[in-house]
Amino acid sequence: MGFVGLDDAGPDADPAVITDYKAARNRPPTRGQKLSNKALAAVRAPVEHGFAHLKNWRVLGKVRTDPKWATALVRALLVLTNREVTR
């Protein structure tokens with residue numbers, strides 16, 4: 001719940017980012033809100049783990065090139081990281 005983003009629930013608006021429900025001091029989250037937070041965390045966890053593993057590749061800190069090449073590099077590193085993690 002450290003990330004707070006947009007949640008456009010208007011009739012014509014597409015949702016941009018779905019955020020967790022936060023509890024207040026005088027208002028604990030309901031059971032439905034807890035289940036929603038748990039489902040969102042389950043979907044977000046693999047992405048967060050992927051970013052954490054990509055940070056181990058030091059070459060990403062030195063990339064000073066065309067964004068197209070950097071995207072290909074990140075994709076290749078992600079494939080290598082996934083193979084290493086699933087072993």
Side-chain angles (χ1 to χ4, degrees):
M1 286 194 295
F3 176 78
V4 177
L6 301 174
D7 188 11
D8 299 331
D12 295 331
D14 294 328
V17 176
I18 300 171
T19 59
D20 295 3
Y21 291 98
K22 292 187 178 183
R25 202 177 266 177
N26 58 352
R27 183 186 44 86
T30 64
R31 184 170 186 258
Q33 289 174 335
K34 286 181 184 180
L35 289 172
S36 176
N37 286 351
K38 190 173 185 177
L40 183 59
V43 172
R44 195 171 61 199
V47 176
E48 297 292 338
H49 286 255
F51 283 130
H53 287 294
L54 281 175
K55 288 180 183 179
N56 291 332
W57 295 91
R58 291 186 180 151
V59 69
L60 292 177
K62 300 177 183 178
V63 174
R64 304 282 187 264
T65 185
D66 184 23
K68 291 179 185 178
W69 187 83
T71 302
L73 175 65
V74 169
R75 285 181 179 167
L77 292 176
L78 187 56
V79 169
L80 292 173
T81 301
N82 281 339
R83 289 188 57 94
E84 183 178 323
V85 169
T86 57
R87 260 196 300 159

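Remember, predicted model here, so these are calculated numbers, not experimental data.
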Q: Does any N or O in the side chain of N37 come within less than 3.5 Å of the main-chain N or O of Y21, such that one atom is a donor and the other an acceptor?
A: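 Judged by distance alone, yes, a pair lies under 3.5 Å.
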Q: So, for P29 and A23, which heavy atoms are closest and what is the spacing to 0.1 Å?
A: CD-CB, 3.2 Å
Q: Under the side-chain contact (heavy atoms from CB on, under 4.5 Å) test, which residues partner A42, sequence neighbours left out?
A: none
Q: Rounded to the nearest 0.5 Å, what separation is found between the NE2 atom of H49 and the CZ atom of R44?
A: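 Output value for this atom pair is 11.0 Å.
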